[in-house]
Enquirer: 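The structure under discussion is supplied below as structure tokens; questions concerning it will follow.
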Protein chains: 2
Amino acid sequence: MVEKNGTTSAPAGRRVTLRDVARAAGVSHQTVSRAINSKGEIDPETQRRVLEVARQLRYRPSRFGRGLVRPDVVTIGLIVPDVVNPFYPEFIAGVIEAADGREWQVVVASTENDRARELALLRSLGQQVDALVGYVSHTDAELEPYVAGVPLVIVDRGLDSETYALVRVDTETGVRAGLGHLVERGHRHIGLIDCVTTGHPDVRRRTLLDLAHTHGLPVDEECIIVGEQSMAGGGRAFETLRAARPELTAVLAFNDLVAIGAFQAARRLGVAVPTECALVGHDGLSIGELLDPPLTTIHLDKRRIGELAVRQLDQLLVGELPRPEVLTPKLLVRGTT
Amino acid sequence: MVEKNGTTSAPAGRRVTLRDVARAAGVSHQTVSRAINSKGEIDPETQRRVLEVARQLRYRPSRFGRGLVRPDVVTIGLIVPDVVNPFYPEFIAGVIEAADGREWQVVVASTENDRARELALLRSLGQQVDALVGYVSHTDAELEPYVAGVPLVIVDRGLDSETYALVRVDTETGVRAGLGHLVERGHRHIGLIDCVTTGHPDVRRRTLLDLAHTHGLPVDEECIIVGEQSMAGGGRAFETLRAARPELTAVLAFNDLVAIGAFQAARRLGVAVPTECALVGHDGLSIGELLDPPLTTIHLDKRRIGELAVRQLDQLLVGELPRPEVLTPKLLVRGTT
DNA sequence: TTGTAAGCGTTATCAG
DNA sequence: CTGATAACGCTTACAA
């Protein structure tokens, strides 16, 4: 009963194919296909036997062979700067959920905040998927040679695009709401911890300066400090800012991570939040609720961004360039103002 | 110069193939292949022309066609219960990083803590990838029909396996360290907020009871409460526990999320942490640092779990069932004890 | 019910 | 440098 070693059972290094199974089972490869896919039209006994042989041979259908014949499974590549930064998991979840509803698959890749890696991923992933979605920092011109013809949805890049689909975030409106709220509460000496970003105009800075101008607030360049985009960076920036401008009664942070760093620095410095200094973050991360008092923040629906990005793909995949989707953050007043 | 519509330029619904480009460019499909892949062996001028035609026709190589001929790109499917739960992003990052080092791709999918979905994903994803890695709650027997022959690494399931590769977590040792620490600090009335888990023995409960027995601590069943595995659940459980057993001076929580909920409940109840009641979490989430005082916890290197899972695949993919990898958590004393 | 033939889109081989 | 021709592993007709 045992075949001569290597003849019909174990093909050398090659993977086991339908034909290998067919040979071993003494049927045509077509019959094996029927058995594997339970296509009816097959004798139950034959099917049982074939399946048994397939199992013994550890046969696994090739996704490539299948995909060639019936290319149904859409796969999208998702590129984020960092999987661990609490901003992105929610976004990723939104994408995965929306994709799942369409029975699409999502390949996730991280640039680790490395712009060169971003381009490399765009190219390599682009070859393996039907479309790309990503937080991308480069300009259209820079992207072109790497993205080539791959459908791409760019998320929250501060620039418009003629070539790629976009999900935009109306940061200015959000920031305006946050600052307006501070002004309403009577704050005049307002500071900003900003961060450098690629492919983004200085929305927070511009909005603050503009608002200061409108309301005649005593805000000058020294009230704005540029720090590293992290909790530690936020802490350092807050200390510096506080030393330079002790009269500030409120600070807007680039995002919640930075704000949390600032919050902790304030505690270290003995600065009471919000009484001595109010604090407003940006992004609406749920971890902001862990502070005491919880962080007031300009909240962005990150999950929805992911959904919208996938929705953009619906059109992109049939060859149409959709109009940008725009999301507007909402002020979420918690306890630090 | 413009071709008759539909003849050589825009093929009906079909995707544009190498041959379409070849026809339009007046060369053989093989020449197009060379042009696309910059294989040398081609006249620069011809290449330029072909590439131009390809661009116009919006030609994109098929990953299936390619994969068939040179099946190099390994793709692994990663199944997690929840992308947003702060435990998993770190694990995912570990997997992605390790995979990236091997130039593998990672398809991420979420069961949303739904056991039926877990099985469905195992089957559907399994058909599209070379191997699976996942937090999986079912037994081997339950998995068998869904996983079939797909190489699978099961992470932190409390059961052994003869069939699948494992990354185990030595929870007992971790819990023992956490409880031992409490005992050392003189705590005798120790409570536990436990949670129900599938495919897992009650490690925390058993370890606490065992330790209580050894040290003669006054710990009985009423000191152990089973709550929902979430911050809210942790909060409710703490309140109930506190009401039932006000004499408890320390509580071990199922994990950090639960611990944080308990921490906040304590604050609401006016119970001082750690002076009136010490608190130990589990998992070592970085958000535990945001509490004031920061959360003492039994820390698990989640990123490393991801790396180890991928390492298991190295052997699994060449047909060998590797020995389980075991990871031991380490006590991380911060401020709540 | 089963087998045969053709084709999916690509790359590799080998002549020209 | 270029072009036939033959795989790759699978499924869908269609014939037996």
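Residue numbering restarts at 1 for every chain, and letters A, B, ... go by the order of the sequence lines. Model, not experiment: these values are computed from the prediction.
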Enquirer: Do nucleotides 6-14 of chain D as a string where each nucleotide becomes B, S or -: B if the base has a protein heavy atom under 4.0 Å, S if just the sugar-phosphate does, - if no protein is that close.
Expert: --BBBBBB-

Enquirer: Exactly one of B/Leu143, B/Leu132, B/Val150, B/Val153 should register a side-chain contact (heavy atoms from CB on, under 4.5 Å) with B/Tyr164. Which one does?
Expert: B/Leu143

Enquirer: Check B/Arg303, B/Arg311, B/Arg304 against B/Glu97 for a salt bridge (Lys or Arg N to Asp or Glu O under 4.0 Å) and give me the one that passes.
Expert: B/Arg303

Enquirer: Surrounding CD of A/Glu103 (heavy atoms of other residues, nucleotides or ligands, distance under 6.0 Å), is the total greater than 12?
Expert: no

Enquirer: Taking atom types as modelled, is there a side-chain donor on B/Ser137 or B/Glu118 under 3.5 Å from an acceptor on the other?
Expert: yes

Enquirer: Counting C-beta onward and ignoring hydrogens, is there a side-chain heavy-atom pair between B/Thr111 and B/Leu121 closer than 4.5 Å?
Expert: yes

Enquirer: First contact, last contact: which nucleotides of DNA chain C are these for chain B, 5' to 3', heavy-atom distance under 4.0 Å?
Expert: C/dG9 to C/dT13

Enquirer: Are B/Thr75 and B/Asp130 linked by a side-chain donor-acceptor pair shorter than 3.5 Å?
Expert: no

Enquirer: Answer yes when A/Asp314 and A/Arg102 have at least one side-chain N-carboxylate O distance shorter than 4.0 Å, and no when they do not.
Expert: yes

